[in-house]
Number of protein chains: 2
Amino acid sequence: MDQIEVFKALSNKTRLQILAWLKEPDLHFPDYKTTCDKENLGVCVGHIQQKAGLTQSTISEYLSLLQRVGLVTATRMGKWTYYKRNEAAFTALSKIISSDI
Amino acid sequence: MDQIEVFKALSNKTRLQILAWLKEPDLHFPDYKTTCDKENLGVCVGHIQQKAGLTQSTISEYLSLLQRVGLVTATRMGKWTYYKRNEAAFTALSKIISSDI
DNA sequence: AATATATATCGGAATTTCCCGATATGCCTA
DNA sequence: TAGGCATATCGGGAAATTCCGATATATATT
């Protein structure tokens, strides 16, 4: 885990917001299961983009960045890419802060 | 605690390094107690600057930033300013990551 | 094959961050 | 009060980040 890159990823309001939404997808994306995610793989880019209100390209890049640093996982299924929180990364980060840094 | 500002503060190699040094000041600043800090208030700017190898102005600004976001405390005593980790802030941040974000 | 849809990538303008040298401020001592 | 020392602040060039519109890629449908 590249700590600096993770902290950079968390230094942005929109990205923090997305991570918060992904914590309770049912609450923040009411119809995400019926519309695209049939197998609990996460939320697709379009839904996140709509809720965030930024452009598609920006949100796609943000999600890709969050995945690159390990905070979310990405699963491609057909036309969609589903993004989901990687809880293990948050647990690890929390420990790093309370003991390493 | 402004999360984004804290994460920005942690998104820099030198500042992370300083925080790590301040965790064990006796180890990383062998003579800091005899030379300036007689009352365990922390390490003064000059010692940190020397070890970091960046300019005085840069380190002064970095320490001021770390203090502004609450990760360290600053105590002015005569000509010196002593900086010390604020462990409570790290504990709080660790909890925020494991529960809020 | 042609089209439509979902996502990814590219190029760039505006803003922010990094780190510097120069200078200012505050405190101590002669 | 004059001078020296520790730290803070200012102004700025270079690099990185933010977010956009345009375009490319991949998949599904007709």
Side-chain angles (χ1 to χ4, degrees), chain A residues 2 4-19 22 29 31-32 34-39 41-69 71-84, chain B residues 2 4-19 22 29 31-32 34-39 41-69 71-84:
Chain A
D2 184 332
I4 291 180
E5 292 310 310
V6 172
F7 289 133
K8 278 186 191 171
L10 294 173
S11 299
N12 175 281
K13 190 176 175 175
T14 303
R15 290 192 297 263
L16 274 186
Q17 183 71 264
I18 291 171
L19 291 170
L22 291 182
F29 306 95
D31 54 351
Y32 88 105
T34 52
T35 49
C36 65
D37 183 16
K38 308 267 192 297
E39 305 180 44
L41 299 170
V43 182
C44 56
V45 181
H47 283 186
I48 297 170
Q49 187 258 316
Q50 274 195 326
K51 197 164 170 73
L54 298 185
T55 63
Q56 187 273 325
S57 64
T58 297
I59 298 305
S60 174
E61 274 167 8
Y62 281 6
L63 290 169
S64 163
L65 167 61
L66 290 173
Q67 192 236 339
R68 205 158 50 248
V69 303
L71 293 173
V72 303
T73 59
T75 310
R76 182 98 200 196
M77 285 278 285
K79 291 191 288 189
W80 293 275
T81 306
Y82 301 100
Y83 284 95
K84 190 175 190 173
Chain B
D2 185 333
I4 290 182
E5 293 309 311
V6 171
F7 289 133
K8 279 187 191 171
L10 294 173
S11 298
N12 176 278
K13 191 177 174 175
T14 303
R15 289 192 296 264
L16 274 186
Q17 183 70 264
I18 291 171
L19 291 170
L22 291 182
F29 307 93
D31 54 352
Y32 88 104
T34 52
T35 50
C36 67
D37 183 16
K38 310 268 192 296
E39 305 180 44
L41 300 171
V43 182
C44 56
V45 180
H47 283 184
I48 297 170
Q49 186 257 316
Q50 275 195 326
K51 197 165 171 70
L54 298 185
T55 62
Q56 187 272 324
S57 65
T58 298
I59 298 305
S60 174
E61 272 168 9
Y62 282 6
L63 290 169
S64 163
L65 168 62
L66 290 173
Q67 192 236 338
R68 205 158 49 246
V69 303
L71 293 173
V72 302
T73 59
T75 311
R76 182 99 201 197
M77 284 278 285
K79 290 192 290 190
W80 292 274
T81 306
Y82 302 101
Y83 284 95
K84 191 176 191 173

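Below, chains carry the letters A, B, ... as their sequence lines are ordered, and counting in each starts from 1.
We find the CG-OG1 distance between A:Leu63 and A:Thr58 to be 11.0 Å, quoted to the nearest 0.5 Å.
In this structure, the CG atom of B:Leu65 is 15 Å from the C1' atom of D:dT9, given to the nearest Å. For the pair B:Gln67 CD and D:dT9 P, the interatomic distance rounds to 10 Å; values are reported in whole Å. Taking atom CD on B:Gln17 and atom C1' on C:dC19, their separation rounds to 17 Å, with Å as the unit. We find that CG of B:Leu54 is positioned 11 Å from P of C:dG21, with the value rounded to whole Å. One interatomic measurement links the two molecules: NZ of A:Lys79 to P of D:dA28, which rounds to 8 Å at whole-angstrom precision. When rounded to the nearest whole Å, the span between CE of B:Met77 and C1' of D:dA8 equals 19 Å. Atom CD1 in A:Ile59 sits roughly 13 Å away from atom C1' in C:dT7 (whole-Å rounding). Rounded to a whole Å, the CG atom of B:Leu16 is 15 Å from the C1' atom of C:dT17.
One finds no side-chain N or O of A:Lys8 lying less than 4.0 angstrom from the OP1 or OP2 phosphate oxygen of D:dA16. Residue B:Ser57 places no side-chain N or O under 4.0 Å from the OP1 or OP2 atom of C:dC19. Considering only side-chain N and O atoms, B:Arg15 lies under 4.0 angstrom from the phosphate OP1 or OP2 of C:dC18. Close to D:dC20, at under 4.0 Å from its OP1 or OP2, lies a side-chain N or O of A:Thr55. Under 4.0 angstrom from either OP1 or OP2 of C:dT9 there lies no side-chain N or O belonging to A:Ser60. Contact check, A:Thr58 against D:dC20: a side-chain N or O comes under 4.0 Å of OP1 or OP2. Checking the phosphate oxygens (OP1, OP2) of C:dT17, no side-chain nitrogen or oxygen of B:Asn12 falls inside 4.0 Å. Between A:Tyr83 and C:dA8, a side-chain N or O to OP1/OP2 separation shorter than 4.0 Å is present.
Two residues are said to be in side-chain contact when any heavy atoms from C-beta on lie closer than 4.5 Å; A:Lys84 and A:Thr75 fail this criterion. Annotation: side chain of A:Val72 is in contact with side chain of A:Leu19 (closest heavy-atom distance under 4.5 Å).
No donor-acceptor pair under 3.5 Å is formed between the side chain of B:Ser64 and the backbone N or O of B:Ser60. The main-chain N or O of B:Gly78 is found under 3.5 Å from a side-chain atom of B:Arg76 such that the two form a donor-acceptor pair.
Side-chain atoms of B:Gln56 and base atoms of D:dA6 include no donor and acceptor less than 3.5 Å apart.
Place A:Gly78 and A:Ser11 on DNA chain D by their nearest nucleotides, and A:Ser11 ends up nearer the 5' end. With the nearest nucleotide of DNA chain D identified for both A:Arg76 and B:Leu63, B:Leu63 has the one nearer the 5' end.
The side chain of A:Glu61 sits closest to C:dG11 out of C:dG11, C:dG21, C:dC18.
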